[in-house]
Enquirer: 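Shown below is the structure under consideration.
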Amino acid sequence: MKKILITGGAGYIGSHTAVELINAGFDPIVLDDLSNSDEKVLDRLEEISGRKLTFYKGDCNDRILLDQISFEHELAGVIHFAAFKAVGESTQFPLKYYKNNLGSLLVLLEFMKDQGIKDLVFSSSCTVYGQPDQLPVTESTPRKEAESPYGNTKKVCEDILVDYVKSKPGIRVISLRYFNPVGAHPSSKIGELPLGVPNNLVPYITQTAAGIRKKLTVFGDDYDTPDGTCIRDFIHVMDLADAHVKAFSFLNHQEMDYYDVFNVGTGKGNTVLEVIQAFEKVNDLKLNYEIGPRREGDIEKIWADTKKINEELGWYSKYSLEDSMRDSWNWQKTLGN
Ligand code: NAD
Ligand code: WQD
């Protein structure tokens with residue numbers, strides 16, 4: 001069984017990817033400092049997969065620890081999820097974001113070079129597109145100036161990877177640009193664990209439905225969209241997890257010094273009100289919400305062109321918005337209120 005180091009593997013997307021990697025016959029080795037996750041996730045992964053995962057609690061900036069892991073396991077590659085991701089916090093503490101998000105990539109690349117590890121999948125984001133001039137966005141749509149230090153870390157990490165691969169170090173890399181990840185594992189054993197008041201739409205919806213928040217505010221209904229609310233491409237986290245399995249397997253068949261980027265979305269945009277309606281309908285409940293002013297820095301509309309990932313990786317999204325809303329709510333119910 002090929003062993004893959006998953007940095008940030010106890011987090012939201014990493015934990016779901018670990019499940020899908022096991023289902024595909026890989027052996028994920030999880031490295032996470034638990035700065036934004038809970039060790040219980042490892043027990044849940046064991047319940048879902050029926051086997052114990054190898055887990056290292058530590059920082060992926062720690063080169064000594066990385067070398068120890070590589071000494072103990074023959075690694076076929078790395079999927080690098082670990083990063084800080086709170087957009088607002090990144091404007092307050094930019095150095096914290098640059099240090100962790102850029103620093104960890106640099107340490108990992110040097111580690112991979114020294115240990116002869118060839119394959120890397122990197123977590124990028126649709127945030128690199130800003131508000132695109134044309135929709136849907138393809139991978140060659142020009143990236144815009146980043147809206148936040150967080151967004152900039154993703155842009156700079158992509159640039160680092162491009163420059164590094166050009167220098168012919170003998171590696172193969174894919175950056176996946178995720179659109180808006182939502183949903184949870186259908187077993188409701190793992191899902192998103194937002195700390196404090198959520199910034200993202202779907203955790204805010206589920207916490208409002210659970211009575212943790214009084215009311216959801218819809219940020220603006222005067223945008224140039226069919227119902228006036230913003231449009232996003234909401235991708236189920238299980239589909240996203242599957243994209244990593246496909247990307248990793250694909251890398252294995254490429255020549256050395258390969259680099260490419262792929263959008264990971266459904267290819268369909270939904271408005272914020274459509275998300276609320278889907279949530280209410282599939283879960284048969286009413287959500288307390290009101291229309292409020294626009295949120296500063298919000299993109300009006302964005303959704304992915306998925307032709308490239310469909311054709312080259314053979315990946316297609318399978319889950320609907322309704323599936324996402326059902327699974328998000330089932331997961332929230334396990335967390336209580
Ligand atoms: P998450 O916070 O749930 O998971 C990240 C994990 O990394 C956490 O478990 C955290 O404890 C860990 N971590 C952070 N820094 C670490 C370090 N230095 N060493 C070891 N572990 C560390 O986030 P997520 O939503 O699963 O996101 C995963 C990746 O995808 C991130 O790189 C994020 O920027 C990117 N991304 C997320 C979204 C989103 O909306 N969730 C969208 C686009 C891209
Ligand atoms: C979605 C829509 C809000 C909350 C963020 C990051 C981005 C990327 C993806 C990592 C917007 C509206 C939200 C609420 C609302 N992450 N909304 N009321 O803004 O697309 O992007 O996640 O790379 O970097 O910025 O996601 O979930 O915050 O918002 O009306 O209480 O929901 O205005 O239109 P966003 P989001």
Side-chain angles (χ1 to χ4, degrees), residues 6-17 30-39 41 56-62 65-66 79-88 90 96-97 99-101 103-105 107-108 122-130 146-148 150-154 157 175-182 190-195 197-205 207-208 213 215-221 223 225 229-235 237 240-241 244 264-265 270-273 275-276 289-303:
I6 315 194
T7 73
Y12 177 40
I13 305 167
S15 59
H16 290 80
T17 302
V30 173
L31 168 62
D32 200 302
D33 64 3
L34 304 179
S35 55
N36 197 36
S37 47
D38 195 310
E39 195 156 0
V41 169
Y56 291 85
K57 179 172 185 284
D59 188 338
C60 63
N61 291 284
D62 180 349
L65 175 61
L66 290 171
I79 304 185
H80 183 36
F81 293 103
F84 295 143
K85 63 166 183 178
V87 175
S90 79
K96 174 180 170 182
Y97 277 69
K99 193 169 175 202
N100 195 33
N101 296 7
S104 61
L105 180 66
V107 171
L108 270 175
F122 172 72
S123 299
S124 190
S125 167
C126 69
T127 191
V128 301
Y129 294 117
E147 302 273 341
S148 66
Y150 165 74
N152 206 32
T153 67
K154 293 297 168 187
C157 282
S175 290
L176 295 177
R177 289 179 180 158
Y178 315 154
F179 281 65
N180 289 55
V182 289
I190 52 171
E192 193 171 4
L193 276 174
L195 280 180
V197 183
N199 289 310
N200 295 117
L201 177 64
V202 175
Y204 210 105
I205 289 178
Q207 290 195 6
T208 305
R213 313 276 156 219
K215 194 183 272 188
L216 169 81
T217 302
V218 173
F219 298 137
D221 69 348
Y223 287 100
T225 62
T229 63
C230 292
I231 296 179
R232 297 289 185 275
D233 185 334
F234 297 93
I235 175 81
V237 66
L240 190 49
H244 291 80
V264 197
N270 285 105
T271 67
V272 172
L273 286 179
V275 173
I276 294 171
Y289 71 90
E290 66 183 3
I291 307 293
R294 290 181 176 199
R295 180 172 70 177
E296 203 190 314
D298 260 342
I299 302 303
E300 180 174 81
K301 48 190 162 190
I302 186 165
W303 64 94

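Being a predicted model, the structure only gives us computed values, none of them experimental. Residue numbers count from 1 along this sequence. Counting starts at 1 for both ligands and their atoms, in listed order.
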Enquirer: Any non-hydrogen side-chain atom of I205 less than 4.5 Å from a side-chain atom of Y289?
Expert: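 When only atoms from C-beta onward are counted, Y289 and I205 do not touch, as no gap falls below 4.5 Å.
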Enquirer: Are H80 and ligand 1 in contact, using a heavy-atom cut-off of under 4.0 Å?
Expert: no
Enquirer: Checking a contact table here: which protein heavy atom is nearest atom 30 (O) of ligand 2, and how many Å away?
Expert: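 Protein heavy atom at minimum distance: F219 N, 2.8 Å.
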Enquirer: If the cut-off is 4.0 Å to any non-hydrogen atom of Y150, which atoms of ligand 1 fall inside it?
Expert: 33 (C), 34 (O), 35 (C), 36 (N), 44 (C)
Enquirer: Show me which atoms of ligand 1 lie under 4.0 Å from any heavy atom of A82.
Expert: 7 (O), 13 (N), 16 (C), 21 (N), 22 (C)
Enquirer: If hydrogens are left out, which of F81, Y97, Y56 has an atom nearest to atom 29 (C) of ligand 1, that is, the closest non-hydrogen atom?
Expert: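 Answer by nearest heavy atom: F81.
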Enquirer: Just which atoms of ligand 2 are under 4.0 Å from any heavy atom in V218?
Expert: 30 (O)
Enquirer: Atoms of ligand 2 less than 4.0 Å from C230 heavy atoms?
Expert: 34 (O)
Enquirer: Give the atoms of ligand 1, by number and element, whose distance to some non-hydrogen atom of L34 is under 4.0 Å.
Expert: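 Matching atoms, with element in brackets: 11 (O).
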Enquirer: Taking only heavy atoms of S37, which atoms of ligand 1 are found under 4.0 Å from at least one of them?
Expert: 8 (C), 9 (O), 11 (O)
Enquirer: Considering S124, C60, C157, S123, which one's heavy-atom position lies nearest to atom 19 (N) of ligand 1?
Expert: C60
Enquirer: What part of L216, side chain, backbone, both or neither, has a heavy atom within less than 4.0 angstrom of ligand 2?
Expert: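 The answer is the side chain of L216.
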Enquirer: Give the atom numbers and elements of ligand 1 that come within less than 4.0 Å of a heavy atom of G58.
Expert: 19 (N), 20 (C)
Enquirer: Heavy atom to atom 41 (N) of ligand 1, shortest distance: which of R177, H16, K85 holds it?
Expert: K85
Enquirer: List every atom of ligand 1 that sits less than 4.0 Å from any heavy atom of Y12, numbering the atoms from 1 in the order shown and giving each element.
Expert: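 Under 4.0 Å from Y12, ligand 1 has these atoms: 1 (P), 3 (O), 4 (O), 25 (O), 26 (O).
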Enquirer: For atom 18 (N) of ligand 2, grab the closest protein heavy atom and report residue, atom and distance to one decimal in Å.
Expert: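 Heavy-atom neighbour on the protein nearest atom 18 (N) of ligand 2: T217 O, 2.7 Å.
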Enquirer: Identify which of D33, N180, V107 has a heavy atom lying nearest to atom 17 (C) of ligand 1.
Expert: D33
Enquirer: Does ligand 2 have any atom that is closer than 4.0 Å to a heavy atom of Y178?
Expert: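 Y178: no contact with ligand 2 (<4.0 Å).
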Enquirer: Just which atoms of ligand 1 are under 4.0 Å from any heavy atom in N61?
Expert: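 Near N61, meaning under 4.0 Å from one of its heavy atoms, ligand 1 has 18 (N).
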Enquirer: Does the side chain of F234 come within less than 4.5 Å of L201's, by heavy atoms?
Expert: yes
Enquirer: If I apply the N/O under 3.5 Å rule, does I13 come out as touching ligand 1?
Expert: yes
Enquirer: Suppose we call two aromatic rings close when their centres sit under 6.0 Å apart. Are H16 and F81 close by that rule?
Expert: no
Enquirer: Backbone N or O of S123 within a donor-acceptor pair of the K154 side chain at under 3.5 Å?
Expert: yes
Enquirer: Does R295 come within less than 4.0 angstrom of ligand 2, counting non-hydrogen atoms of the residue?
Expert: yes
Enquirer: Counting only heavy atoms, which portion of N100 has something under 4.0 Å from ligand 1: side chain, backbone, both, or neither?
Expert: side chain
Enquirer: By number and element, which atoms of ligand 1 are closer than 4.0 Å to a non-hydrogen atom of P181?
Expert: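 Numbered from 1, ligand 1 contributes 38 (C), 39 (C), 40 (O), 41 (N), 42 (C).
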Enquirer: Can you tell which of D32, N199, V128, D62 gets a heavy atom nearest to atom 12 (C) of ligand 1?
Expert: D32
